[in-house]
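Quick notes on the structure that follows.
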Amino acid sequence: MGTNNLAHAAQRKIFSAEINKFIRNLNNNPKARTNSYLRLANVGEKFWGTKGADKEKLERAKKALADPNNRWVKYINKVIDETNPDYLSKMTLNLGYEAFFRGTKKIRKNRKKYGCNVPWLILFDPTMACNMHCIGCWSGTYGHKANLTFEDMDKIVTEGKELGVYLYMMTGGEPMVRKADIIKLCEKHNDCFFAAYSNSTLIDEELCKKVVELGNLTFMLSIEGTPETNDARRGDGHYEAVMKAMDLLKKYGIIYGTSICYTRDNIEAVTSDEFLRFISEKGARFGFYFHYMPVGNNAVPELMPTVEQRKNMIERIRFVRSNESDIEFFPMDFQNDGEYVGGCIAGGRNYFHINSNGDAEPCVFIHFSDSNIHEKSILEILQSPLFMAYHDGQPFNKNHLRPCPMLENPEKLRGIVAATGAKQTNMESPESVDHLCSKADTYARDWGKAADEIWESQHSVQTHKHSVKAPSRHIKHTS
């Protein structure tokens, strides 16, 4: 074992001891909890060596942690109290120390060293096989032939860790079709954290027991509102399967979240107070909202939200995260939270996608590639013409409410594909970049007008590349 590995092992051991001490010493005394939170934050600061902007962020976080009445401190307390202690310890170690502290430092160093994007997480598809056929999902056109071998997945994680990536997400298809290999991957790379976007149907008691033992795997469950709005797109019986999975995950103290595709038909159902309180009571503590994307030849562009619906979505998510809301759930909006992450996060800037055929795609919604993991390393992929075009072009719009080079700036994706010679990656049902982008042209024009009005009303004129934050407007929502 080299000097760096020895130092890493020693640091991990120290951080693990601090986390275990933190969990053991937690009790219902608010002052004792506050002291425990601040002690852990100080340990993190020591390892990260923060300065400048990062120092300011940490000081703000410490100020919030010192207030037992802070909304999000109460939220953290609830998560801790309902989570299995062994699972919580391993998750905190891998997400806190490996991914956030150690990983982030390494990623930043490698971005400068190699002159390209290096992501914080990598998303990959163990398989394209799925036991469901949801309306408007491109997965249905891929077929069930494509799969990453265990060796492929191991290569992705091994090479990712060399660059500082310790967080991995899996989608598909239904990733848990490959349950045995996923468990094997989690066991081998027990210093990483894994999360699977799942339709819930393969989550059972046996799997939950194994997940608690592993401590480094969680799930984002697909659900779309009421039994009626959910099963209308996903098929009869799916809602019932999600309910069963939620109950099992809550029973075993496993932190989990939701994955919600919002469409013109379900957007009110999946954002109502009633729905959010319900999934919170079922144990879901965070969730990703994804704007419906007209990707694939079986896409249904009519499912894209209207301009008014998207405007309301922006206000709604920000309200749920504000101090005015008491809903114990933290939502994130992939399309509308661009102002908090500097626009498009794809192309390896914060993440990229590897499909079940090994093709490296800049985004899970952009099925074009010029690299494959069977031919290139992760670093070589990030330095490829397609990924460098993303690196050099980001942000694709100074208005971060229009982040995507496909949905809101379709001319940008057309240009990138033409300039880099990237090939479409759906072998079952090929779709040209013009066919894809043509479905977004009208939407991009109409949303662009509304987005620019919102952006100008909330932000001062920007004079630099990255976003300048301003307070968001909030509206109250009634279910």
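These values consider heavy atoms only, across backbone and side chains, with no hydrogens, waters or symmetry-generated copies. All values derive from a computational prediction rather than experimental measurement.
- For Phe330, the ring-ring contact (aromatic ring centres under 6.0 Å, His included) criterion is met by Trp72, not counting sequence neighbours.
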### Task
With side-chain contact (heavy atoms from CB on, under 4.5 Å) as the test, would you mind laying out the steps for Tyr239 and Ile223 before giving the verdict?
CA-CA 7 Å; Tyr239 186 87; Ile223 183 172; 4.0 Å; yes
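- Salt-bridge formation is detected for the pair Asp452/Arg402: a Lys NZ or Arg NE/NH1/NH2 atom is positioned less than 4.0 Å from an Asp or Glu carboxylate oxygen.
- Under the rule for a side chain to side chain donor-acceptor pair (under 3.5 Å), the partners of Trp120 that lie at least two apart in sequence or sit in another chain are Thr104.
- Partners of Lys62 by side chain to side chain donor-acceptor pair (under 3.5 Å), not counting sequence neighbours, listed by chain and number: Asn42, Glu45.
- A donor-acceptor pair is defined here as one N or O able to donate and one able to accept, closer than 3.5 Å; such a pair exists between the side chain of Glu159 and the backbone of Ile378.
- Remark: Lys106 engages no residue in a side chain to side chain donor-acceptor pair (under 3.5 Å) (not counting sequence neighbours).
- Applying the side chain to side chain contact (heavy atoms under 4.5 Å, CB included) criterion to Gln424, with sequence neighbours excluded, gives Phe368, Asn426, Met427, Pro430.
- A donor-acceptor contact shorter than 3.5 Å links the side chain of Tyr289 to the backbone of Val270.
- Distance alone, capped at 3.5 Å, places no donor-acceptor pair between the Ser259 side chain and the Met220 backbone.
- Screening residues 63-73 for salt bridge (charged side-chain N to carboxylate O under 4.0 Å, His left out), with sequence neighbours left out, gives no hits.
- Remark: Arg414 engages Asp441 in a salt bridge, criterion side-chain N to carboxylate O under 4.0 Å.
- A donor-acceptor pair shorter than 3.5 Å cannot be found between the side chains of Thr263 and Asp265.
- The closest donor-acceptor contact from the side chain of Tyr166 to the backbone of Tyr97 lies at 3.5 Å or more, if one exists at all.
- Residue pairs meeting the salt bridge (charged side-chain N to carboxylate O under 4.0 Å, His left out) criterion with at least one partner in residues 302-314, sequence neighbours excluded, are Glu308-Lys311, Arg310-Glu408.
- With hydrogens and angles ignored, the 3.5 Å screen pairs a side-chain donor or acceptor of Asn70 with a backbone N or O of Val73.
- For Phe396, the ring-ring contact (aromatic ring centres under 6.0 Å, His included) partners are Tyr390, not counting sequence neighbours.
- Looking at residues two or more places apart in sequence or on another chain, you find a ring-ring contact (aromatic ring centres under 6.0 Å, His included) between Tyr168 and Phe194.
- By the side chain to side chain contact (heavy atoms under 4.5 Å, CB included) test, Ala389 is found to be paired with Ile416, Thr420, residues two or more places apart in sequence or in another chain being considered.
- Remark: Ala284 engages Tyr256, Thr258, Ile279, Phe329 in a side chain to side chain contact (heavy atoms under 4.5 Å, CB included) (not counting sequence neighbours).
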### Task
Any chance you could lay out the side-chain contact (heavy atoms from CB on, under 4.5 Å) test for His391 and Arg349, step after step, and finish with the verdict?
CA-CA 7 Å; His391 172 273; Arg349 182 169 166 264; over 6 Å; no
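- Ion pairing of Asp337 with Arg321 is present here, as a side-chain N (NZ or NE/NH1/NH2) and a carboxylate O approach within less than 4.0 Å.
- Side chains of Asp125 and His353: a donor-acceptor N/O pair is present below 3.5 angstrom, by distance only.
- With hydrogens and angles disregarded, no donor-acceptor distance shorter than 3.5 Å links the side chain of Asn350 to the backbone of Pro119.
- For Tyr87, there are no ring-ring contact (aromatic ring centres under 6.0 Å, His included) partners at least two apart in sequence or on another chain.
- Side chain of Arg264 to main chain of Met304: a donor-acceptor pair is present (N/O by atom type, distance under 3.5 Å, no hydrogens or angles).
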